[in-house]
Amino acid sequence: MKSKQLVAYCLMAGLTIGLVALVGLFTPRKGEGNATATCAYRVCMARFGYHSMLIIPAENQLYSWRGRFSGVDQTIQYVGVGWGERTWYVDPPSSSVAQLIQGTRALLLPNASIIKIQRYSSFPGHYETECIGVTAIHYLKLIEFIQQTFQTDANNQPILVTTDKELNATFYEAKGTYSLFNNSNHWTARGLQVAGADTPLWAAHAVATMHVLKPTCAEPYSTSSQANKITKQQLTNLN
C-alpha cells in the first residue's frame, strides 16, 4: 500500500510540476515596452529547432560590431548572437543516440557555456524569426547585456575558443552555466526582456518566447536615417 501511495504521490508531483512549467511557458511577463519605438532599431529572435538566438545589425547609428570581432567586416550586415552549452556548440553530436546522451547531460547537469557570433552578409531569412522595434535606450541596454555575457582576458577582450568556417561563426568563452533552468532560450528571453519586450515566465523552449513575443517590424532591418535620437545625458545614464 505504501509503495502504491509513493508512486501516486510521485506521479501527482510530476504532473503538478509539468503543469506549472506549461503555464509558465505561455504566460507572458510584461516588459518595459517600446510604445514610442519605430523600426529604426530592430531586434530579431531567430528559432532553429529547440534553440534560439538574437539577430541584430552589424552596424547602426548607435553601435558597430565591426572591428570588435573576427570577420565582422564591411561585407557583414547582420550578426547572430547565441549563448549555449559549450560542448554542443563546439562539437555537436552527429548521431541521434549521441544527441540524446549529450542533450540529457546538458539539461540535467550544470555545464560550461559559450557564446556564438555568427556573421551574415544579408538577413538570414531561412530561420523562423520575429522582429520588434525598440527605443535607442533599450537597444543600448541589449548591447550591454550581450557584452556582459562574454568572459574577458586581462586586456578586457573576449576570449576566443574556436572558429567554424562553415557557419561563418566564432565562439567565445561565456559567463554562466548551462542547464535545464538556464539554457539558450532563457538567455535569448533575458536579452529580449532587457530590450523591453514581453517574454514568458519560463522560457525553456524557443516556441514559448516566439508565442509571447509580439512582432512589430518586418525583416530585414531598416537602416533608415529616421533613427530614434538619443541624447548625451541618456547615454551617460546607461553607464
Side-chain angles (χ1 to χ4, degrees), residues 21-31 34 37-58 60 65 72 76-85 88-89 92-94 96 99-100 102-103 106-107 113-134 138-139 142-143 145-146 149 164 166-171 174 178 180 182-223:
L22 186 63
V23 170
L25 281 171
F26 296 100
T27 302
R29 171 171 43 197
K30 197 68 178 175
N34 286 283
T38 67
C39 291
Y41 302 119
R42 305 189 197 189
V43 176
C44 283
M45 172 189 172
R47 176 195 170 200
F48 44 104
Y50 173 77
H51 302 284
S52 61
M53 65 178 173
L54 300 172
I55 301 177
I56 51 181
N60 62 20
W65 292 89
V72 184
I76 302 303
Q77 300 302 313
Y78 303 95
V79 292
V81 188
W83 178 94
E85 203 271 331
W88 188 286
Y89 262 11
S94 56
S96 57
Q99 288 177 356
L100 177 61
Q102 193 165 312
L107 290 175
S113 62
I114 203 165
I115 190 165
K116 175 179 70 174
I117 300 292
Q118 195 159 355
R119 304 177 288 271
Y120 302 99
S121 58
S122 60
F123 188 83
H126 55 285
Y127 296 120
E128 179 185 354
T129 57
E130 298 284 10
C131 300
I132 59 170
V134 302
H138 281 116
Y139 189 86
L142 174 62
I143 295 298
F145 166 80
I146 293 171
T149 303
D164 189 321
E166 184 177 349
L167 292 176
N168 199 16
T170 47
F171 297 84
Y178 184 99
L180 174 63
N182 188 36
N183 63 26
S184 62
N185 301 312
H186 290 107
W187 183 89
T188 299
R190 284 198 296 272
L192 290 169
Q193 186 180 22
V194 166
D198 293 352
T199 54
L201 287 177
W202 192 50
H205 199 290
V207 169
T209 305
M210 280 287 195
H211 174 77
V212 171
L213 189 65
K214 298 295 187 293
T216 59
C217 299
E219 50 301 272
Y221 295 116
S222 166
T223 55

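Counting begins at 1 with the first residue of the sequence. Because the structure is a prediction, the values reported are computed rather than measured.
Note that OG of S184 and OH of Y50 are 6.5 Å apart. Values are rounded to the nearest 0.5 Å. Taken to the nearest 0.5 Å, the CG atom of L54 stands 5.0 Å off from the CH2 atom of W187. In this structure, H51 NE2 and F48 CZ are separated by 6.5 Å, a value rounded to the nearest 0.5 Å. Atoms NZ and CE, from K116 and M53 in turn, are 5.5 Å apart once rounded to the nearest 0.5 Å. Atom CD1 of I143 and atom CD1 of I56 lie 4.0 Å apart (nearest 0.5 Å).
For D164, the side chain to side chain donor-acceptor pair (under 3.5 Å) test picks out no residue, with sequence neighbours left out. Residues passing the side chain to side chain donor-acceptor pair (under 3.5 Å) test with T199: none are found, sequence neighbours excluded. Scanning for side chain to side chain contact (heavy atoms under 4.5 Å, CB included) contacts around T170 gives S70, I117, R119, L160, T163, Y172, with sequence neighbours left out. By the side chain to side chain donor-acceptor pair (under 3.5 Å) test, H186 is found to be paired with N183, W202, residues two or more places apart in sequence or in another chain being considered. Partners of D198 by side chain to side chain contact (heavy atoms under 4.5 Å, CB included), not counting sequence neighbours, listed by chain and number: K30, V212.
Remark: C39 SG to C217 SG, distance under 2.5 Å.
The shortest non-hydrogen separation linking L213 to A197 is CD1-CB, 3.7 Å. Shortest non-hydrogen contact noted between S52 and T188 is OG-OG1, 2.9 Å. When all heavy atoms of A58 and V72 are compared, the closest pair comes out as CB-CG1, 4.3 Å. For M210 against M45, the heavy-atom pair with the smallest separation is CE-O, 3.7 Å.
Side chain of N60 to backbone of A40: no donor-acceptor contact under 3.5 angstrom is found. Within the 3.5 Å criterion, the main-chain N or O of G133 finds a donor-acceptor partner in the side chain of T216.
At a threshold of 4.5 Å between non-hydrogen side-chain atoms, the residues V81 and T149 do not count as touching. Using a 4.5 Å heavy-atom cutoff, the side chains of Y139 and N34 are not in contact. Two residues are said to be in side-chain contact when any heavy atoms from C-beta on lie closer than 4.5 Å; L142 and V134 fail this criterion.
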Indicate every side-chain donor-acceptor pair of residues 120-129 with a distance under 3.5 Å to a residue at least two apart or in another chain.
residue: Y120; atom: OH; partner: Q118; partner atom: OE1; Å: 3.4
residue: Y120; atom: OH; partner: Y127; partner atom: OH; Å: 2.9
residue: E128; atom: OE1; partner: R47; partner atom: NH1; Å: 3.2
residue: T129; atom: OG1; partner: E219; partner atom: OE1; Å: 2.6

Please test Y41 against H138 for side-chain contact (heavy atoms from CB on, under 4.5 Å), starting from the C-alpha separation and ending with a verdict.
CA-CA 9 Å; Y41 302 119; H138 281 116; over 6 Å; no
